[in-house]
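Comments concern the structure below.
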Amino acid sequence: MDDYVIEMLNITKEFPGIRANDNVTLQLRRGEVHALLGENGAGKSTLMSVLFGLYQPELGTIKKNGQVVEIKNPNDANALNIGMVHQHFKLVEIFSVLDNIILGVEPNQAGFLQKKEAREKVLRLSEQYGLKVDPDAKIEEISVGMQQRTEILKMLYRDNEILIFDEPTAVLTPQEIDELIQIMKELRAEGKSILFITHKLNEIMAVADRCTVLRKGKCIGTVDIADTTKEELSRMMVGRDVSFEVEKAPIHLGDVVLEVRNVTVPSPRHKNNSVKDVSFDVRRGEIVCLAGIEGNGQTEFVYSLTGLTKQSSGTFRLCGKDISHATVRQRSKDGMSHIPEDRHKHGLVLDYTLEQNLVLQRYWQPQFQHGGFINFGAVRTYAAGLIEQYDIRSGQGPTTISRSMSGGNQQKAIIAREIDKEPELLVAVQPTRGLDVGAIEYIHKQLVAQRDAGKAVLLVSLELDEVMNVSDRILVMYEGEIVGEFDPKQTSVQELGLYMAGAKRMEGGK
């Protein structure tokens, strides 16, 4: 007799135009890490949102310790000791770490807030689980990894026994991912039961005991990790064999497309500069990768390059034209496309429809408007073509509200929009963050196709596998400076790691 702490039996959940969960059964054993694997839009987050009380299923039952329970909202879930770390964190940016952790369960005496004991409990938990945080730091001032620790402490503070992690590693650096896997192992050793949504097969193999695979809303099966392989899991997930290697033709370099000269960018948070006197070129027919651990100036550099912020000195030239002070729209017209790091903040207007988002940078062109009036029929026809070409899955096609789509399909929409502009320079920042193996394979092919079509690609990535497989040339950024330049065929992940951590640097950055 299996000791199941949670059973989700025959769960069906529908949204307009789509059955997100179709008769899904998931059983979580006490004291196990159970992975939930599936493509973007397979229904993983929906299933966990049902368990956490954010959605009500049309059909099916949930049991805890063999007893049927009703979970109408997250307060009911918390009362049953179920906690959840969401893919997009649910934190109040202007509150401190401590205030976020105790929000909703504030300790009080006669109506007066008692923060001292709460602080002591948070510090004790952070010490016990190796989750180092500053309780007084504001959320808006701390790194993404630190925000995630805050979310985990929120669950532990509430004494949750069942912990749901929704894509917890999508926004973390390789070092933070290793730390998180260690934390999950410690939580399991304490007797906690963990549901772990991820696309990353390496992580499943490293930490999970069992794995349930969803495809297009249906449960494909549950397997023991000890008895399976990455290849088998990816086949269950996508329904076909997936190539883990990036196939590229030999490189054919052309003219310089992007010239960066002595660029310095001030930090938005402190007096030091985020980017210090950076210079490099990107030519036609190559993928140059800017690699580095998060927080070493890559984000600020890209903001400056794409016109979101201003550099304090230095120049950018695109196809020989100085664009250092051009507007975002002008840079776009001059041949720059940008796949941004944060798809919600800079990639999409979430409450616009998919078709509106797909023409955001083109709606003024003659094919989409006449005399200042938008031709909505032309917009819909164009959007429908991109949706089919890029396999963007959405419940109501072009009229789907972008917010309601899965993260991976939101990302595909941005990539479709940016590549279809046929840019001279494609700036791709974390283009596969939070995507499944099938989508990653597809996006890597798109980047290589741009390179082979004689375009210039600047890739910014934290994923070392991606850096090594996709790039033709690697520039390592550390503390705002280029500290090394590498040919991926002539270097190793370990060597790159030393430069990324600041342990080594080349003279003059080359």
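Just so it is clear, the values below take in all heavy atoms, side chains as well, and ignore hydrogens, waters and symmetry mates.
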> Going from CG on Leu354 to CG on Asn409, what distance comes out if it is rounded to the nearest 0.5 angstrom?
Replying inline: 9.0 Å

> Under 4.5 Å between any side-chain heavy atoms of Met236 and Cys211, yes or no?
Replying inline: no

>> Strictly distance-based, threshold 3.5 Å: is any side-chain N or O of Glu300 a donor or acceptor partner for the main-chain N or O of Ser274?
In response: no

>> Can you tell me how far apart CG (Leu37) and CZ (Phe196) are? Round to the nearest 0.5 Å.
In response: 10.0 Å

> Quick check: does any side chain N or O of Lys13 sit under 3.5 Å from a backbone N or O of Val50, one acting as donor and the other as acceptor?
Replying inline: no

> Who passes side chain to side chain contact (heavy atoms under 4.5 Å, CB included) against Glu151, sequence neighbours left out?
Replying inline: Val85, Phe89, Lys90, Leu91, Lys154

> Could you state the interatomic distance from OG (Ser337) to CD1 (Ile414), rounded to the nearest 0.5 Å?
Replying inline: 12.0 Å

> Would you call Met468 and Ile474 a side-chain contact if the rule is heavy atoms closer than 4.5 Å?
Replying inline: yes

> Under the side-chain contact (heavy atoms from CB on, under 4.5 Å) criterion, do Leu496 and Val493 qualify, and how do the steps go?
Replying inline: CA-CA 5 Å; Leu496 276 184; Val493 167; 5.7 Å; no

>> Within the 4.5 Å heavy-atom criterion, are Val213 and Leu36 side-chain neighbours or not?
In response: no

>> Considering only residues two or more places apart or on different chains, which pairs with a residue in residues 493-502 satisfy salt bridge (Lys or Arg N to Asp or Glu O under 4.0 Å)?
In response: Glu495-Lys504

> Taking only residues two or more places apart in sequence or in another chain, which ones pass side chain to side chain donor-acceptor pair (under 3.5 Å) with Gln311?
Replying inline: Ser304

> Looking at residues at least two apart in the chain, or sitting in another chain, which of them share a side chain to side chain contact (heavy atoms under 4.5 Å, CB included) with Tyr352?
Replying inline: Val349, Gln356, Asn357, Leu360

> If you draw a 6.0 Å radius around NZ in Lys248, do more than 12 non-hydrogen atoms from other residues or ligands fall strictly inside?
Replying inline: yes

> If every non-hydrogen atom of Arg331 is compared with every non-hydrogen atom of Ser324, which pair is closest and at what distance?
Replying inline: NH2-O, 3.2 Å

>> Is it the case that the side chain of Thr491 and the backbone of Asp487 share a donor-acceptor pair, with hydrogens and angles ignored and the cut-off at 3.5 Å?
In response: no

>> I want to know whether Phe368 and Phe373 have ring centres closer than 6.0 Å.
In response: no

> Given the rule in the side-chain hydrogen bond (donor to acceptor under 3.5 Å, both in side chains) test, do Gln410 and Ser402 qualify, once you have shown the distances and angles that lead to the verdict?
Replying inline: CA-CA 7 Å; Gln410 290 173 350; Ser402 301; over 6 Å; no

>> Using side-chain contact (heavy atoms from CB on, under 4.5 Å), reason through Thr353 and Ile401 one step at a time and then give a plain yes or no.
In response: CA-CA 4 Å; Thr353 60; Ile401 298 298; 4.0 Å; yes

>> Applying side chain to side chain donor-acceptor pair (under 3.5 Å), can you list everything that pairs with Asp420, at least two apart in sequence or on another chain?
In response: Arg362, Tyr382

> What pairs with Glu14 under salt bridge (charged side-chain N to carboxylate O under 4.0 Å, His left out), at least two apart in sequence or on another chain?
Replying inline: Arg19

>> So, using side chain to side chain contact (heavy atoms under 4.5 Å, CB included) as the criterion, who are the partners of Ala42 when residues are at least two apart?
In response: Leu214

>> Is there a side-chain hydrogen bond (donor to acceptor under 3.5 Å, both in side chains) between Ser267 and Asn272? Walk through the geometry before answering.
In response: CA-CA 6 Å; Ser267 168; Asn272 297 339; over 6 Å; no

>> I'd like to know if the side chain of Lys218 and the backbone of Asp22 have a donor-acceptor N/O pair within less than 3.5 Å.
In response: no

> Going through the checks in order, is the side-chain contact (heavy atoms from CB on, under 4.5 Å) test met by Gln367 and Val359?
Replying inline: CA-CA 11 Å; Gln367 73 186 94; Val359 295; over 6 Å; no

> For the side chain of Thr12 and the backbone of Asn23, is there at least one donor-acceptor N/O pair under 3.5 Å apart?
Replying inline: yes

> Looking at residues at least two apart in the chain, or sitting in another chain, which of them share a side chain to side chain donor-acceptor pair (under 3.5 Å) with Glu422?
Replying inline: none

>> Holding to ring pair (Phe, Tyr, Trp, His ring centres under 6.0 Å), I want the full list of residues that pass it with His252, two or more places apart in sequence or in another chain.
In response: none

>> Could you go through Gln148 and Leu180, starting from their C-alpha distance and side-chain angles, then the distance that decides it, and tell me whether this counts as side-chain contact (heavy atoms from CB on, under 4.5 Å)?
In response: CA-CA 10 Å; Gln148 188 179 63; Leu180 179 67; 3.9 Å; yes

> Crowded around Gln365 CD? As in, over 12 foreign heavy atoms under 6.0 Å?
Replying inline: yes

> Backbone N or O of Gly480 within a donor-acceptor pair of the Asn296 side chain at under 3.5 Å?
Replying inline: no

> Between CZ of Arg451 and CD of Gln446, what distance do you get to the nearest 0.5 Å?
Replying inline: 14.5 Å

> What residues form a salt bridge (charged side-chain N to carboxylate O under 4.0 Å, His left out) with Glu355, not counting sequence neighbours?
Replying inline: Arg380

> How about Leu318 and Met336: do any of their side-chain heavy atoms sit closer than 4.5 Å?
Replying inline: yes

>> Looking at every non-hydrogen atom in both residues, tell me the closest pair between Val24 and Gly217 and how far apart they are.
In response: CG2-O, 3.2 Å

> Ignoring hydrogens and geometry, is there a side-chain-to-backbone donor-acceptor pair from Asp472 to Ile287 under 3.5 Å?
Replying inline: yes

> Quick one: CG on Asn375 to CD on Gln369, what's the gap to the nearest 0.5 Å?
Replying inline: 9.5 Å

> Are any side-chain N or O atoms of Ser332 and backbone N or O atoms of Val328, one a donor and one an acceptor, separated by less than 3.5 Å?
Replying inline: no

>> Among Ile339, Ile419, Val470, Thr432, exactly one meets side chain to side chain contact (heavy atoms under 4.5 Å, CB included) together with Ile443. Which residue is that?
In response: Thr432

> Does NZ belonging to Lys421 count more than 12 external heavy atoms closer than 6.0 Å?
Replying inline: yes

> Ignoring hydrogens and geometry, is there a side-chain-to-backbone donor-acceptor pair from Asn21 to Ile11 under 3.5 Å?
Replying inline: no

> Are more than 12 heavy atoms from other residues, nucleotides or ligands located less than 6.0 Å from atom OH of Tyr442?
Replying inline: yes

>> Contact between Leu350 and His344 at the side-chain level, heavy atoms closer than 4.5 Å - yes or no?
In response: yes

>> Are Leu47 and Leu26 packed together at the side-chain level, in the sense that at least one heavy-atom pair is separated by less than 4.5 angstrom?
In response: yes

>> For the NZ atom on Lys310, are there more than 12 heavy atoms of other groups (residues, nucleotides or ligands in this structure) within a distance under 6.0 Å?
In response: yes

> Can any side-chain N or O of Arg393 pair as donor or acceptor with the backbone N or O of Ile387 at less than 3.5 Å?
Replying inline: no

>> Quick test of your reading: applying salt bridge (Lys or Arg N to Asp or Glu O under 4.0 Å), list the pairs with at least one residue in residues 275-291, sequence neighbours left out, ordered by first then second residue.
In response: Arg261-Asp281, Arg284-Glu424, Glu286-Arg473

> Near Tyr390 OH, under 6.0 Å, is it more than 12 heavy atoms from other residues, nucleotides or ligands?
Replying inline: yes

> Once you round to the nearest 0.5 Å, how far does OG1 of Thr327 lie from CD of Gln330?
Replying inline: 5.5 Å

>> Restricting to side chain to side chain contact (heavy atoms under 4.5 Å, CB included), what partner residues turn up for Ile183, sequence neighbours left out?
In response: Leu131, Leu187

